[in-house]
Amino acid sequence: MVTIGIHPAYNKLSADKKIEEMTIPMEVVIPLHQHIGAPCKPIVEKGQEVVAGEKIGEVKSFVAAPVHASISGKVKDIKKTLMPVGYRMDCVVIEGDGKDTWASFESRDLGELEPAHIIERVKEGGLVGMGGAAFPTHVKLSPPPQKKIDTFIANGAECEPYLTCDHRLMVEQPELIVLGMGAAMKALGCSKGIIGIENNKPECIDAMEKQVGSSSYEIQVRSLKSRYPQGAEKTLIHSLLGRKVPMGGLPMDVGVVVQNVGTLKAIYDAVYLGRPLAERVITVTGSVGEPKNLLVRIGTRIGDLIDFCGGYLGETGKIISGGPMMGIAQESDDVPVIKGMSGILIQRVEEVEEKGERPCIRCGSCIDFCPMGLLPTTIVKYAKKGMYEDCDRYSIANCIECGCCSWVCPSNIPLVHWLKYGKSELVKKKRRTENEKKGGGK
Amino acid sequence: MSETERKGGKDRLRLVISSSPHVRKGTSVERIMFMVVLCLLPALGASVYYFGPKSLAIVVVTVGAAILTEIVAKRLRKKPIEMDGSAVVTGLILGLMMPPGLEWNQLWLPAVGAFFAIAIIKEAFGGLGSNIWNPAAGGFVFCLLSWAPIMRDGWMADAGVVIGTKATPIAVLGESGADMGMVRELFLGNVNGALGETSALALLIGGLVLIGLRYIDWRIPLSFIGTVGLLTLAITWDPTLTLGYLFAGGLFLGAFFMLTDYVTAPLTGSGKVVYGLGAGVVVVVIRLFANPIEGVAYSIIFMNMLVPLIDRYLKTKPFGMVKERRWKVER
């Protein structure tokens, strides 16, 4: 089923605000697990001196990304701290010395690097997908040999309302994005590249179009209809190439690798300059003094970002990490910035008033607007009753949690909440059965 | 801001934590119901124009009885009383299906119909969202079966153009065919029949507005009316008579306002097409081969019962679903 897409109010308040470097914080809290995959082990000790860009945590596992210090100073503590994803995990606390000394990095030219070296430099840089999912970038750049990649897609859709960090990056540093894209394409050995940008950002389309000629790769800029969730990986591939990623599959199953433009800029840093991912651009927006796009060090407390943008406006009701459609509501502003955080949205109390949930009137809106062709209301009825096999029968795993169903629901049913819940319960149940099978075989 | 001030600020924060998304479109059940009521007003206007103020009284009785029944039923079921407007819609549609010739001392009948629709058809099954049948259709059929003589006499309205001596235009069509003048009267509504069913034009206006604003799915009215039209034409081979059948009776009311009732219709697009198609076939069979007094209400009731089955087999295709192989190589 081809998606119609929804049109939430875009509210790109900070679209014209230049990326501003935030003052270096006196203390950073750097989580050791900022990616999908195995968590890192700390390789520094309490009291040890570190410089910015120094590796402080790593793990042997392939699906993982090392973490680096983002300021210079002393390791104050290694402790469990609340994360913006909602649970507590090990973090390295660094007390700054105010000097901001950086480690020395080895610059390289792309011509000197073999694909394997590019991937190694990306891995060492601790790169993860910066659009939100935080999947280790080097894993995406090293598909198994039997998967032939013919097209590389740079995701500049930025369909989430409010967020403008990718927008600003495309306007201000298009040349770095194109260079990063070239490096990624060389690593993958694919010759065709597409940059997909929603047509509500003509400024970005112009900026990128001026740059693509400079690349030695064949790169196209394509304008996309502005509709949510245009930037979701599967939707984006379908819009640009008409290919459908099979259920339960990955983009590489249809010969495609997608990377967010922010990640491409980070690939440039890591491959050309040897700089690890220690800072990123974040949009701070909503009910704050002045919405801004900030270049901040990983591990900065989000409360400091909000203060830097003029503090809270009115009575704050919600702090959201990410955008309004897929972001995570925070229980405190005392959580650190992580690699996958693209924005901080502040909502006032008036905006977060939840109307009571009503019974489903079977209007079918959630079905009409599901980009994954699912029956959200039916799946949720099963999930509420704990019938997870039936959720499976209705392909609950295909849900991308984009939020369209909850957005359109006239009965205010928190469909996404139940879909997430059903998905995780199904995974748990499957794991249990597998374990039982193994146990029974012994 | 200093650290202590910020901490103080933090203590003031009382944050709401809930699942994404954090914005909503802002539609509500109330708004949908309100729009349906609004789009039924042309039909109500037409019935007041043709049948006089008594039609308004009948509608007031059905709507009032529906609301009252809902409140009592909710209280008995110990559920919060939230007026979502669905009782108003049920009452209004039921009122529009009532015969205009009811005497003042017969107004208890529409009230009983509304009571049955809300108490038995809707609340007894769990309230809005859980009912199997369309409440208005159920209430109407209950009245029709229980008090057939009153209903039939009531259709012999003294206002409007009485076509022939038979009870309804449908019956006349079945007996003596149609001419273009009659089709015109049927379309405008200047005929005897139920209150709001007479003017196909008024119903069409309201229905098209609902479709245009995307409150109802176009597939149901189209497949329903289309099936009735094509099938009638195929059987009678008389275009004028077919047009007469399309504009007569509750066909448009059923097509735009009753079959499209979310709760009792299938969920998916393909399901909705099959649903409209099935209802169309039932209407034609009843009208042409059985007692032609009212096919539409029965067709709705009948198709309502098939909805779970339709939902079970006509699902959407998940994005990226690869066709499953029907066989597997066993090793």
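Below, chain A is the first sequence line, B the second, and so on; all start at residue 1. Excluded from the calculations below are hydrogen atoms, water molecules and symmetry mates; all remaining heavy atoms, backbone and side chain alike, are included.
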Could you tell me which portion of [X] (side chain, backbone, both or neither) has an atom closer than 4.5 angstrom to a non-hydrogen atom of chain B?
X	answer
A/Ile319	both
A/Thr316	both
A/Tyr394	side chain
A/Glu331	both
A/Cys363	both
A/Ile328	backbone
A/Lys420	side chain

Handout entry: Salt bridge flag under 4.0 Å for residues B/Asp311 and A/Arg362
Key = yes

Problem - Cationic N near anionic O, under 4.0 Å, A/Glu401 to A/Lys423 - result: yes

Practice task
Verify the ring-centre separation between B/Phe125 and B/Trp133: is it less than 6.0 angstrom?
Solution key: yes

Largest heavy-atom contact set with chain B, pairs under 4.5 Å, which of [options]:
options	result
A/Leu415, A/Asn412, A/Val352	A/Asn412
A/Gly317, A/Pro359, A/Pro8	A/Gly317
A/Val254, A/Thr378, A/Ile306, A/Leu374	A/Leu374
A/Met325, A/Lys355, A/His417, A/Lys318	A/Lys318

Problem - Shortest non-hydrogen contact from B/Glu123 toward B/Glu70 - result: OE2-OE1, 3.3 Å

Problem - Minimum heavy-atom distance between B/Thr264 and B/Asn304, given as atom pair plus value - result: O-ND2, 3.2 Å

Exercise for the section: Return yes if some donor-acceptor pair links the side-chain N/O of B/Thr90 with the main-chain N/O of B/Pro135 below 3.5 Å, else return no. Expected result: no

Exercise for the section: Give the intermediate values and the outcome of salt bridge (charged side-chain N to carboxylate O under 4.0 Å, His left out) for residues A/Arg348 and A/Glu315. Expected result: CA-CA 6 Å; A/Arg348 277 199 302 263; A/Glu315 198 182 334; over 6 Å; no

Problem - Which portion of B/Asn131 sits near chain A, non-hydrogen atoms under 4.5 angstrom - result: neither

Exercise for the section: Sort B/Ile32 into side chain, backbone, both or neither according to what part of it lies under 4.5 angstrom from a heavy atom of chain A. Expected result: side chain

Handout entry: Side-chain heavy-atom pair A/Thr377, B/Leu267 within 4.5 angstrom cut-off
Key = yes

Exercise for the section: Indicate whether any N or O donor in one side chain lies under 3.5 Å from an N or O acceptor in the other, for A/Glu357 and A/Ser411. Expected result: no

